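The next block holds one structure in the form of structure tokens; read it before the comments.
Bear in mind that the values here come from a model prediction, so they are computed numbers and not experimental data.
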Amino acid sequence: MAFGISARLLPQVTAKQNSPPNFAATNAEHHQCVSKIPSFWSKVLPLAVAVSLVAPLPSSAIPSLNSKSSPVAPMTPFSQSKNLPTGLQNGKIRPCPSVNPGCVSTNPQSSSSAFPLIISQNSPGNAIMQLQDAILKTQKNAKIQVVEDIPDGKYLQAEVDGGFGRDVLEFLVKGDSVAYRAMATKVTYIYPFTTAFGDSKGQEERMKMIAEELGWYAPSLDSMD
């Protein structure tokens, strides 16, 4: 658009230069041209500004206000203890979490490990039904959560009252062997320390109580001396 204006103005200036010099006329025409240019731009500039505001800009030029990257909260032992998985892992009893000292498991990868229970040969009836009855008799406010068939055995999960909340008991019955994990669901930390409070002794006593009620053999390191 600016080039069009120059094309219209230049011939007029050139034509005037070939005519006899008339300083009064030349000055009048000069003032007339100068007065037209601001009037023209006063109409063009608002349009140019409007186009520049409407036209999309490259996305990389202006950072989006919604593109704030939310920082990932660092994982701490306390945050990990808030969501402790239960259930079988690859068809096996899970080990005790490293952030939960109130746990005992027959998984050999567990820091607080134990030997599986051995069902006695003269044990009558269904082993999983006996196990349910022993849990309900020996544990406070016991509730059977899951009983399901698995390849070559059965899985049982129950909730019982613990020292600081509810505890989870898990059993995997295969033949005459019963793998298990007893774990507190609430991990207690003492401020300002970041180490969890508790130990596995309470869980070991609980499993010993259940085994005695059933009459099953509970191997231990002490019994092997």
Side-chain angles (χ1 to χ4, degrees), residues 81-150 152-190 195-225:
S81 67
K82 292 297 183 181
N83 186 23
L84 300 175
T86 60
L88 298 178
Q89 184 178 44
N90 299 324
K92 298 179 181 180
I93 288 290
R94 294 175 181 269
C96 289
S98 60
V99 296
N100 189 345
C103 176
V104 63
S105 172
T106 57
N107 189 308
Q109 296 180 354
S110 179
S111 57
S112 301
S113 60
F115 294 102
L117 302 177
I118 304 300
I119 301 175
S120 59
Q121 294 181 355
N122 58 356
S123 180
N126 188 313
I128 202 72
M129 293 299 297
Q130 295 180 60
L131 187 55
Q132 292 184 62
D133 291 341
I135 293 171
L136 295 173
K137 288 179 181 179
T138 62
Q139 305 303 309
K140 295 179 180 179
N141 297 323
K143 183 178 181 181
I144 306 300
Q145 300 282 17
V146 178
V147 176
E148 62 182 9
D149 294 327
I150 60 166
D152 304 325
K154 285 184 175 291
Y155 169 76
L156 183 150
Q157 182 183 124
E159 278 192 6
V160 300
D161 280 353
F164 298 98
R166 298 287 281 175
D167 291 1
V168 175
L169 308 181
E170 297 178 276
F171 298 88
L172 176 59
V173 179
K174 283 190 174 183
D176 62 352
S177 177
V178 182
Y180 63 85
R181 183 176 76 163
M183 179 181 69
T185 59
K186 184 177 181 181
V187 183
T188 303
Y189 290 82
I190 301 177
T195 301
F197 173 77
D199 56 45
S200 60
K201 296 298 182 183
Q203 303 295 354
E204 292 174 359
E205 291 297 324
R206 168 179 282 134
M207 297 309 304
K208 183 179 179 180
M209 188 183 303
I210 293 174
E212 289 178 350
E213 176 68 25
L214 290 165
W216 295 353
Y217 178 52
S220 65
L221 293 176
D222 295 336
S223 64
M224 294 181 179
D225 290 341

Legend entry - Non-hydrogen atoms of Leu172 and Gly91 that approach each other most closely: CD2-O, 3.6 Å
Legend entry - Closest heavy-atom pair and its distance - Cys96, Val104: SG-N, 3.3 Å
Inset, instruction - Mark yes or no for whether Ser105, through its side chain, and Arg94, through its backbone, hold a donor-acceptor pair below 3.5 Å. - result: yes
Legend entry - Backbone N/O of Tyr180 and side chain of Thr106: donor-acceptor pair under 3.5 Å: yes
Legend entry - Contact summary for Lys174 and Gly153, nearest pair of heavy atoms: CG-CA, 4.3 Å
Inset, instruction - Taking all non-hydrogen atoms of both residues into account, name the closest pair between Asn107 and Ile93 and its distance. - result: ND2-O, 2.7 Å
Legend entry - Check: Leu156 and Val173 side chains under 4.5 Å, non-hydrogen atoms: no
Legend entry - Distance in Å, Trp216 CH2 paired with Ile118 CD1, rounded so as to fall on 0.5 Å steps: 10.5 Å
Legend entry - Spacing of Gln130 atom CD and Glu213 atom CD [to the nearest 0.5 Å]: 10.5 Å
Inset, instruction - Mind checking the CG-CG spacing from Asp167 to Asn141? Nearest 0.5 Å is all I need. - result: 12.0 Å
Legend entry - Pairwise side-chain contact, Pro97 with Met183, heavy-atom cut-off 4.5 Å (strictly under): yes
Inset, instruction - Going by the salt bridge (charged side-chain N to carboxylate O under 4.0 Å, His left out) test, name the single residue among Arg206, Lys140, Arg166 that passes it with Asp161. - result: Arg166
Inset, instruction - Check whether any side-chain heavy atom of Glu148 sits under 4.5 Å from a side-chain heavy atom of Gln157, and report yes or no. - result: no
Inset, instruction - Would you check if the side chain of Asp176 reaches a backbone N or O of Gln121 as a donor-acceptor pair within less than 3.5 Å? - result: no
Inset, instruction - Provide the closest heavy-atom pair for Phe171 versus Ile210 in the form atom of the first, atom of the second, distance. - result: CZ-CD1, 4.2 Å
Legend entry - Distance, nearest 0.5 Å, that separates CG of Leu169 from OG1 of Thr86: 12.0 Å
Legend entry - Stepwise salt bridge (charged side-chain N to carboxylate O under 4.0 Å, His left out) test for Arg181 and Glu170: CA-CA 5 Å; Arg181 183 176 76 163; Glu170 297 178 276; 3.0 Å; yes
Legend entry - Least distance between heavy atoms, Ala184 atom then Gln203 atom: N-NE2, 3.5 Å
